[in-house]
Amino acid sequence: MEETRILLSESEIPQRWYNINPDLPAPLAPPIHPGTGQPLGPEDLAPIFPMALIEQEMSMEPWIDIPDEVLRIYKLWRPSPLFRAHRLEEHLGTPARIYYKNESFSPPGSHKPNTAVAQAYYNKEEGVKRICTETGAGQWGSALSFACCLFGLDAEVYMVKISYEQKPYRRVLMETWGANCYASPTDRTEAGRAILAEDPDSPGSLGIAISEAVEAAVKDDEAKYALGSVLNHVLMHQTVVGLELKEQLKIAEEEPDIIVGCVGGGSNFAGQCFPFVKDKLDGKDIRIIATEPTACPTLTRGIFHYDFGDTAQLTPLIKMFTLGHTFIPAPIHAGGLRYHGDAPQLCLLVSQGVIEAQALRQNDVFKAALTFARTEGSLPAPETAHAVKVGIDEALKCKETGEEKCIVIAYSGHGFFDLAAYEAYLSGEITDYELPQEDIDAATVDLPEVE
Ligand SMILES: Cc1ncc(COP(=O)(O)O)c(C=O)c1O
């Protein structure tokens, strides 16, 4: 009988993060200062990030050592297991071999602490007392609260209001780790007050919550800001996932034919697939598939253009696929996938055709999540279920063609705080949402011009 869980020992946790920058097939467009229109220098970012992270953001070194203190904390849940989905395969009747790299065993329940712990560490090292951040689904806010708790830092979390209401126990979890969590837009910041003045019932968005967290950090000398996705250093911290996966696939004597993950800002997906992108660029035949909701189809229908990372235009301009920084996505249940942009490194690879993207409807995604829960047992987060859905679709294609492909799903987190979403699905109350082209046109008409 082939193994179900492919495990590594603690001593096999990667000692270095992989930085894809030097291996990208084209240079990354530089982030631009919104005031000067010039490429950003390290000093421009110093008010919001510690210098060690700014250096990582711009680094062209292929490998960066993971500090011992970060490794010690990683040991609470790393290496994460790679599962072979035997029961799912049997249920589907597919000749494909399906694997899932399971990041749901971390204390907050997702991949997010892989970077939260690293970011809290570097902030602590540079004397920061408080970290401000935003959260969509609550997974990132929980991860940062957990990391700040372990390093004795204060955490201030701006949680998108619709998720705050959908998932009250995520807030309680953050508070249990000692954080303060607010439903964004709040009246604590100028950015939040401006939105509330226009629309007192605003459901919020990640773009708005980012504006609030950046503003709160800039106004406090003892605080810095942290982002849970999109930026180069965040994606790099997540590569521990893909580096472990490589070793686990060796043990299983497998080469991946398909790697699939969901994309909110791109961090779990990149963490899993970036160590394989180089193999693909060197000629290996691997399909790398990014999935997203039809309600927020950034990679499949967005415009590849410079845009702000937030609604209030406080962040630098970055070149990415974007639906426009004023875009407010429909309140679907995969809160972590409702962001108007995506990571520049990932967008570059999509624009070059190295990575493909698919948009999925909510009902199809929840149907796949139930199939997974009823065969493998684990309940995926609605975000993660996007990856599961395409994993199942590809396995069913193999059933038709008879191909014995190796499919690897990035299993980014569990859905234990998403039971209201599952309840809505089970009672037939989930609606599909296809973003109208007029909405995309309206939100992208005024994208900032960069020479
Ligand atoms: C479980 C889970 N998966 C995926 C995501 C999407 O984020 P990213 O694209 O940065 O991995 C989130 C975001 O909150 C999440 O909670």
Side-chain angles (χ1 to χ4, degrees), residues 80 100-116 119 133-146 157-160 162-164 166-167 170 173-174 205-206 209-210 226-242 260-274 289-293 296 298-299 309 320-321 329 332-347 350 355 357 360 365 369 372 378-390 409-418 421:
S80 71
Y100 54 105
K101 174 73 169 152
N102 195 336
E103 290 296 303
S104 75
F105 295 115
S106 74
S110 78
H111 63 295
K112 295 281 181 185
N114 295 329
T115 181
Q119 294 194 48
T133 198
E134 71 294 323
T135 192
Q139 288 271 22
W140 165 244
S142 309
L144 193 79
S145 304
F146 156 73
V157 183
Y158 292 83
M159 184 167 184
V160 176
I162 179 73
S163 297
Y164 186 93
Q166 281 170 345
K167 302 203 228 178
R170 273 279 164 204
L173 183 62
M174 292 182 234
S205 71
L206 269 177
I210 293 174
L227 189 60
S229 191
V230 177
L231 298 177
N232 302 346
H233 67 269
V234 179
L235 273 53
M236 184 188 75
H237 296 154
Q238 293 294 352
T239 58
V240 283
V241 179
V260 57
C262 67
V263 171
S267 73
N268 87 88
F269 176 72
Q272 169 138 324
C273 78
F274 275 7
I289 310 173
T291 63
E292 60 184 13
C296 191
T298 318
L299 292 171
M320 58 184 175
F321 283 100
I332 57 160
H333 285 281
L337 307 187
R338 298 170 63 238
Y339 182 56
H340 68 273
D342 276 324
Q345 292 172 328
L346 169 62
C347 292
V350 172
I355 290 174
L360 306 169
V365 166
F372 191 87
S378 301
L379 188 75
E383 293 83 3
T384 311
H386 286 68
V388 169
K389 159 76 180 143
V390 171
I409 296 169
Y411 196 88
S412 56
H414 66 62
F416 293 160
F417 289 94
D418 300 279

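Atoms within each ligand, like the ligands themselves, are counted from 1 in listed order.
- Using modelled atom types and a 3.5 Å distance limit, the side chains of N268 and E383 yield no donor-acceptor pair.
- Under 3.5 Å, the side chains of T115 and H237 contain a donor-acceptor pair of N or O atoms.
- With respect to atom 1 (C) of ligand 1, the closest heavy atom belonging to the protein is S412 OG, 3.5 Å.
- The distance from ligand 1 to the heavy atoms of G265 drops below 4.0 Å at these ligand atoms: 8 (P), 9 (O), 10 (O).
- Which parts of ligand 1 touch V263 is read off a 4.0 Å heavy-atom cut-off, strictly below it: atoms 9 (O).
- Close to ligand 1: G266, with a non-hydrogen atom less than 4.0 angstrom away.
- Separating the CZ atom in R170 from the CD atom in Q139 is a distance of 4.0 Å, to the nearest 0.5 Å.
- A distance of 11.0 Å separates NE2 in H233 from OG in S267, rounded to the nearest 0.5 Å.
- Of the candidates H414, R170, H111, R338, it is H111 that places a heavy atom closest to atom 5 (C) of ligand 1.
- Not a single heavy atom of E103 lies less than 4.0 angstrom from ligand 1.
- Taking only nitrogen or oxygen atoms, main chain and side chain alike, S110 does not reach within less than 3.5 Å of ligand 1.
- With atom 7 (O) of ligand 1 as the reference point, the heavy atom nearest to it among E383, Q238, K112 is part of K112.
- To the nearest 0.5 Å, atom CZ of residue F321 and atom CG of residue L346 are 9.0 Å apart.
- The option with the heavy atom closest to atom 4 (C) of ligand 1, from among L227, D418, D342, N268, is N268.
- The distance criterion of under 3.5 Å between nitrogen or oxygen atoms is met by G264 with respect to ligand 1.
- When side chains are defined from C-beta on, W140 does not count as touching S229, because their heavy atoms never get closer than 4.5 Å.
- Less than 4.0 angstrom separates some heavy atom of S229 from each of these atoms of ligand 1: 8 (P), 10 (O).
- Interface atoms of ligand 1 facing T384, defined by a heavy-atom separation under 4.0 Å, are 1 (C).
- The line from OH of Y158 to OG1 of T135 is 13.5 Å long, rounded to the nearest 0.5 Å.
- The heavy atom nearest to atom 13 (C) of ligand 1, considering only S142, S104, G336, is found in G336.
- Across all non-hydrogen atoms, the minimal contact from G335 to S163 is CA-OG, 4.3 Å.
- Remark: ligand 1 atoms within the under-4.0 Å shell around heavy atoms of L337 are 6 (C).
- Residues R338 and S205 have side chains that never bring a donor and an acceptor to within less than 3.5 angstrom of each other.
- Here's the thing with Q139: none of its N/O atoms is less than 3.5 angstrom from an N/O atom of ligand 1.
- Not one N or O of W140 is nearer than 3.5 Å to an N or O of ligand 1, by distance alone.
- Using a 30° and 60° split on the angle between ring planes, F372 and Y100 fall in the perpendicular class, above 60°.
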